[in-house]
Amino acid sequence: MTTRPAIVVLTGAGISRESGLATFRDADGIWARVRLEDVATPEAFARDPARVQAFYNARRAQIMDPQVAPNAAHLALADLERRWPGDFLLVTQNIDDLHERAGSRRLLHMHGELLRARCTICGATQRCIAPLEVTTACADCCRAGGLRPDVVWFGEMPLHMEPIGAALARCDLFVAIGTSGSVYPAAGFVAEVRGRARTVELNLEPSDGAALFDETHHGPATQIVPAFAARLLAGLVPSNE
């Protein structure tokens with residue numbers, strides 16, 4: 001029996017762009033309109049929690065908009081996960097739930113999830129689809145105030161780094177999709193596996209780390225991701241030649 005390659009896929013904001021969600025670092029992205037220091041740091045939350053909550057409430061409402069749905073790239077990755085006979089892990093920097101809605105299950109959110117809230121007192125998390133206020137109480141545990149979005153802010157440690165590191169250590173194929181290549185530690189994954197795993201970039205345009213990849217394909221995610229997934233799955237079918 002042939003052993004199938006172990007795959008790790010990393011996704012960034014670019015994969016959700018065609019679903020109607022704004023990216024962060026493009027010229028017209030979120031950080032071009034809002035200073036990250038004002039809404040995406042622990043210090044910003046301590047200084048002005050109402051402003052931070054309002055920023056994430058608006059983003060949460062956008063994700064919940066019925067017109068925002070998984071696109072062909074999300075669906076292709078979910079299909080690849082279902083059909084791939086080897087190890088597969090999808091690591092996303094995105095805080096939206098479009099991968100889950102597409103059907104992905106072997107998935108880790110390294111930057112947290114916008115549709116969850118975390119208690120600043122006890123650390124308990126809970127699903128959150130309604131707006132958060134400064135006085136919103138922790139319903140699951142301590143019932144005190146202080147809920148915040150369950151997202152990783154600048155200056156905080158990304159989540160799930162131990163299982164992500166273990167998957168990278170044993171992967172044979174690493175694919176980065178829709179990432180800027182400028183946000184660490186995710187931007188360092190390609191260098192970590194380079195030389196022992198095949199590395200592929202699928203992006204609208206070359207990322208900051210494009211030169212580190214063995215193979216690059218540039219174009220809309222809804223076109224290049226399904227095409228790449230189809231080629232991987234076609235390789236499972238024995239040749240008649």
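Residues: numbered from 1 along the sequence shown. Every heavy atom of this structure was used, including side-chain atoms; hydrogens, water molecules and symmetry mates were not. All figures in this text were calculated on a predicted structure; none of them were measured in a lab.
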Checklist entry - Is there side-chain contact between T11 and T179, with at least one heavy-atom pair below 4.5 Å? => result no
Next on the checklist: Give me the atom names and distance for the closest heavy-atom approach of M110 to P185.
Outcome noted: CE-CG, 4.1 Å
Next on the checklist: Would the distance check show the side chain of T125 and the main-chain N or O of R118 forming a donor-acceptor pair, the cut-off being under 3.5 Å?
Outcome noted: no
Item to check | Any donor-acceptor N/O pair, S19 side chain to L21 backbone, under 3.5 Å | outcome: no
Next on the checklist: Set out, in order, the CA-CA distance, both residues' side-chain angles and the distance that settles side-chain contact (heavy atoms from CB on, under 4.5 Å) for V9 and L89, then state yes or no.
Outcome noted: CA-CA 6 Å; V9 177; L89 178 64; over 6 Å; no
Side-chain donor-acceptor pairs under 3.5 Å in residues 161-178, sequence neighbours left out?
{"from": "R170", "atom 1": "NH1", "to": "A166", "atom 2": "O", "distance (Å)": "3.4"}
{"from": "D172", "atom 1": "OD2", "to": "A6", "atom 2": "N", "distance (Å)": "2.8"}

Checklist entry - Where is the tightest heavy-atom contact between V152 and G112, given as atom of each residue plus distance? => result CG2-N, 4.2 Å
Item to check | Gap between atom NE2 of H74 and atom OG of S104 - 0.5 Å precision | outcome: 8.5 Å
Next on the checklist: Just verifying a value: how many Å separate E205 CD and E201 CD, rounded to the nearest 0.5 Å?
Outcome noted: 9.5 Å
Checklist entry - Does the cation-pi check pass for R106 over W84, that is, NZ or CZ under 6.0 Å from the six-membered ring centre and within 45° of its axis? => result no
Item to check | Cluster check V91, I95: I/L/V/M/F/W/Y, side chain < 4.5 angstrom | outcome: no
Checklist entry - For the atom pair OG1 (T41) and CZ (R47), what is the distance rounded to the nearest 0.5 Å? => result 6.0 Å
Next on the checklist: Looking at Q53 and L147, would you say the former's side chain and the latter's main chain have a donor-acceptor pair under 3.5 Å?
Outcome noted: yes
Item to check | Joint hydrophobic cluster, V8 plus L90, side-chain heavy atoms closer than 4.5 Å | outcome: no
Next on the checklist: Between R127 and L115, is there a side-chain heavy-atom distance shorter than 4.5 Å?
Outcome noted: yes
Item to check | Co-membership, hydrophobic cluster, residues V193 and L108, 4.5 Å side-chain | outcome: yes
Item to check | Minimum side-chain heavy-atom gap F189-R194 below 4.5 Å | outcome: no
Checklist entry - Should R105 and E81 be marked as a salt bridge (charged side-chain N to carboxylate O under 4.0 Å, His left out) after you check the CA-CA gap, both sets of side-chain angles, and the distance that decides it? => result CA-CA 8 Å; R105 295 295 177 264; E81 175 191 313; over 6 Å; no
Next on the checklist: Membership question, hydrophobic clusters at under 4.5 Å side-chain separation (ILVMFWY): are L233 and L202 in the same one?
Outcome noted: yes
Checklist entry - So, the side chain of D79 versus the backbone of L75: is there a donor-acceptor pair under 3.5 Å, distance only? => result no
Checklist entry - Between N203 (side chain) and H218 (backbone), is there a donor-acceptor pair under 3.5 Å? => result no
Checklist outcome for this item: CZ of R101 to CG of D96, rounded to nearest 0.5 Å, is 7.5 Å
Next on the checklist: Looking at every heavy atom in both V52 and W153, which two are closest together, and how far apart are they?
Outcome noted: CG1-CZ2, 3.8 Å
Checklist entry - Out of T92, N71, I63, V68, which residue meets the side chain to side chain contact (heavy atoms under 4.5 Å, CB included) rule with L98? => result V68
Checklist entry - With a 4.5 Å heavy-atom cut-off, do L80 and F228 have their side chains touching? => result no
Checklist entry - Would you say F88 and I15 are hydrophobically clustered, going by side-chain heavy atoms of ILVMFWY under 4.5 Å? => result yes
Checklist entry - Do you know which two heavy atoms are closest between P206 and A210, and how far apart they sit? => result CB-CB, 3.9 Å
Next on the checklist: I need the R148 CZ to T136 OG1 distance, nearest 0.5 Å.
Outcome noted: 14.0 Å
Next on the checklist: Any heavy-atom pair between the side chains of C138 and Q126 that's under 4.5 Å?
Outcome noted: yes
Next on the checklist: So E113 and V151, do their side chains get closer than 4.5 Å, heavy atoms only?
Outcome noted: no
Item to check | Side chain to side chain, H217 and V200, heavy atoms closer than 4.5 Å | outcome: yes
Checklist entry - Between the side chain of N94 and the main-chain N/O of G12, is any donor-acceptor distance below 3.5 Å? => result yes
Item to check | Considering all heavy atoms, the nearest V39-Y56 contact | outcome: O-CE1, 3.1 Å
Checklist outcome for this item: Of all heavy-atom pairs linking G103 and A78, the shortest is C-CB, 3.8 Å
Checklist entry - Taking atom CD of Q62 and atom CG of L114, what is their separation to the nearest 0.5 Å? => result 9.5 Å
Item to check | Qualifying residue, where the test is side-chain hydrogen bond (donor to acceptor under 3.5 Å, both in side chains) with H109 and the options are H99, H160, E100 | outcome: E100
Checklist entry - Tell me, do Q93 and V183 make a side-chain contact under 4.5 Å, heavy atoms counted? => result yes
